[in-house]
Enquirer: 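Let me give you the structure first, and then I'll get to my questions.
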2 protein chains.
Amino acid sequence: MTTMTQHSTTAPRRGRPGNDRGDVITAAVSLFNQHGYEATTVGMIAEQLGVSKSAIYHHVASKEELLASALDRALSSLEGMLETANSSGRSPLERLEYVLRGTVQVLIDDLESVTLLLRLRGNTDLERQALQRRRNFNVAVAELVTEADDTGALRADIDPSVATRYVFGMVNSITEWYRPGGALSAEQIGDQIVNLVFNGLRPRSH
Amino acid sequence: MTTMTQHSTTAPRRGRPGNDRGDVITAAVSLFNQHGYEATTVGMIAEQLGVSKSAIYHHVASKEELLASALDRALSSLEGMLETANSSGRSPLERLEYVLRGTVQVLIDDLESVTLLLRLRGNTDLERQALQRRRNFNVAVAELVTEADDTGALRADIDPSVATRYVFGMVNSITEWYRPGGALSAEQIGDQIVNLVFNGLRPRSH
DNA sequence: GTCTATAGGTTGATAGAC
DNA sequence: GTCTATCAACCTATAGAC
């Protein structure tokens with residue numbers, strides 16, 4: 001059963017109609033997430049798009065390039081969002097909240113590529129490089145939490161790097177259940193996350 | 001490069017020394033987590049144990065049986081823990097806290113098999129059955145959160161089923177970074193999780 | 001130890017829109 | 001005729017079956 005995935009029509013293109021590089025990457029990432037990168041064959045990607053295997057190689061040089069493109073997209077989105085937050089001149093706590101909401105937004109906008117990133121196991125050099133970039137992002141976020149902690153904006157009895165792990169574990173778990181067209185918007189999910197992370201489940205007595 | 005994974009020696013066994021069924025499952029689950037179930041071949045499992053492929057089939061009937069055993073182990077641990085919590089006669093809030101700490105304990109005790117469970121994509125009947133059992137567990141936990149909410153133990157402005165998703169997203173993310181022999185015990189991690197979930201990051205002040 | 005299927009990847013020519 | 005996307009056939013290496 002082949003599914004014709006039409007490219008998102010932005011500007012009219014010249015030449016023979018069909019799939020562009022973005023379509024191929026989209027189909028590939030979806031299959032990578034469903035079956036794992038190793039178990040996904042280029043033939044499966046071609047079948048998904050309803051074209052022959054060699055058509056795939058017109059758009060990309062290798063299967064690994066598909067993985068690299070998707071991971072770079074996810075990482076660039078996250079890094080760009082963090083850069084925006086840190087150059088905003090706001091307080092550490094405000095920047096932290098911005099990063100929380102921004103991460104939710106990136107997860108939802110680039111759901112498939114971020115999901116792929118989060119499921120990496122570091123089996124190849126490429127995967128290990130992506131994991132290193134992801135670690136750098138995590139370290140920068142942990143520094144932000146530390147800054148917020150230093151201003152007294154957070155509870156003193158929780159270690160910042162530990163808190164970062166748990167909080168972003170919660171945020172990243174959105175990829176496990178969020179599906180496009182769901183009832184909740186990115187803004188609503190961001191609100192819920194921020195509320196839960198900062199206030200917890202227990203009633204604020206008095 | 002073969003890694004001789006010796007079985008966890010509990011009681012001395014008779015007969016020819018070597019791997020038992022548990023050793024095979026342990027090696028298989030580790031490879032399933034590293035490469036994905038589909039991409040893992042029985043030959044890889046044999047190589048990891050330093051035996052021939054046919055030796056694997058002495059212990060299990062199929063590759064799928066290895067998956068089934070691991071998933072059943074993870075699910076039985078979680079279900080048993082939940083059963084213990086719900087038959088304890090305590091308050092909903094106390095039972096919820098018990099389930100949080102219990103889930104952390106199960107994650108750490110059965111790290112590899114629970115990791116496998118959490119990464120399922122539902123590609124086969126077996127996987128879909130396991131995911132259904134996991135959903136049943138999640139529903140039971142959500143009911144527990146609802147009960148706790150009904151007693152006024154939780155903040156009124158957070159939907160119980162939504163909160164359950166986020167909280168267990170946080171808990172399950174432990175599998176992403178916890179490694180045996182790490183600095184933190186299951187009890188310490190449970191304390192951190194419970195503290196963060198119930199109290200949040202913001203100082204409780206006026 | 002041989003046989004077969006399948007993997008990633010290549011080649012060179014072609015189809016279709018402008 | 002230019003541009004993009006496509007295809008059938010092919011190559012080489014390897015992994016599973018017997």
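To find a chain, count down the sequence lines: A is the first, B the second, and so on, and within it residues start at 1.
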Enquirer: Tell me, with the steps shown, if A:R165 and A:N138 meet side chain to side chain donor-acceptor pair (under 3.5 Å).
Expert: CA-CA 8 Å; A:R165 272 187 180 163; A:N138 290 341; over 6 Å; no
Enquirer: What are the two closest non-hydrogen atoms of A:P92 and A:T151, and how far apart are they?
Expert: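 Result for this residue pair: CG-CG2, 3.9 Å.
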Enquirer: Does this structure show an ion pair linking B:R21 with B:E65, if we count only N-O contacts that are shorter than 4.0 Å?
Expert: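 Salt bridge between B:R21 and B:E65, a charged N being under 4.0 Å from a carboxylate O: yes.
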Enquirer: Could B:E147 and B:R95 be called an ion pair, given the rule that one side-chain N must be under 4.0 Å from one carboxylate O?
Expert: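 Result for this pair is yes, salt bridge flagged.
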Enquirer: Are any of the side-chain nitrogens in B:R133 or B:E79 under 4.0 Å away from the carboxylate oxygens of its partner?
Expert: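 Result for this pair is yes, salt bridge flagged.
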Enquirer: Can you tell me if A:R21 touches the phosphate of D:dT4, counting only side-chain N or O atoms and a distance under 4.0 Å to OP1 or OP2?
Expert: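 No, outside the criterion.
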Enquirer: Check B:D149 with B:R155, please: is the shortest side-chain N to carboxylate O separation under 4.0 Å?
Expert: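 Answer for the salt bridge query: no.
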Enquirer: Is there, by distance only and without an angle test, a donor paired with an acceptor across the side chain of B:T41 and the base of D:dA15 below 3.5 Å?
Expert: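 Answer no: no donor N or O sits under 3.5 Å from an acceptor.
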Enquirer: Of B:K53 and A:A55, whose nearest nucleotide on DNA chain D comes first from the 5' end?
Expert: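 Its nearest nucleotide lies further toward 5', so the answer is A:A55.
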Enquirer: Which is the 5'-most and which the 3'-most nucleotide of DNA chain C that has an atom under 4.0 Å from a heavy atom of chain A?
Expert: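 Footprint of chain A along DNA chain C, 5' to 3': C:dA7 to C:dA17.
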Enquirer: Rounded to the Å, how far apart are B:M44 CE and D:dT14 P?
Expert: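 After rounding, the reported distance stands at 16 Å.
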Enquirer: Taking only heavy atoms on the protein side, list every residue of residues 28-39 of chain A lying under 4.0 Å from any atom of DNA chain C, sorted numerically.
Expert: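 Of all residues in residues 28-39 of chain A, none places a heavy atom under 4.0 Å from DNA chain C.
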Enquirer: What's the spacing between A:S185 OG and A:Q105 CD if we round to 0.5 Å?
Expert: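 One finds 8.5 Å between OG of A:S185 and CD of A:Q105.
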Enquirer: As an exercise, state the distance from CD1 of B:I45 to CZ of B:F32, rounded to the nearest 0.5 Å.
Expert: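 Answer for the CD1-CZ pair, B:I45 versus B:F32, is 4.5 Å.
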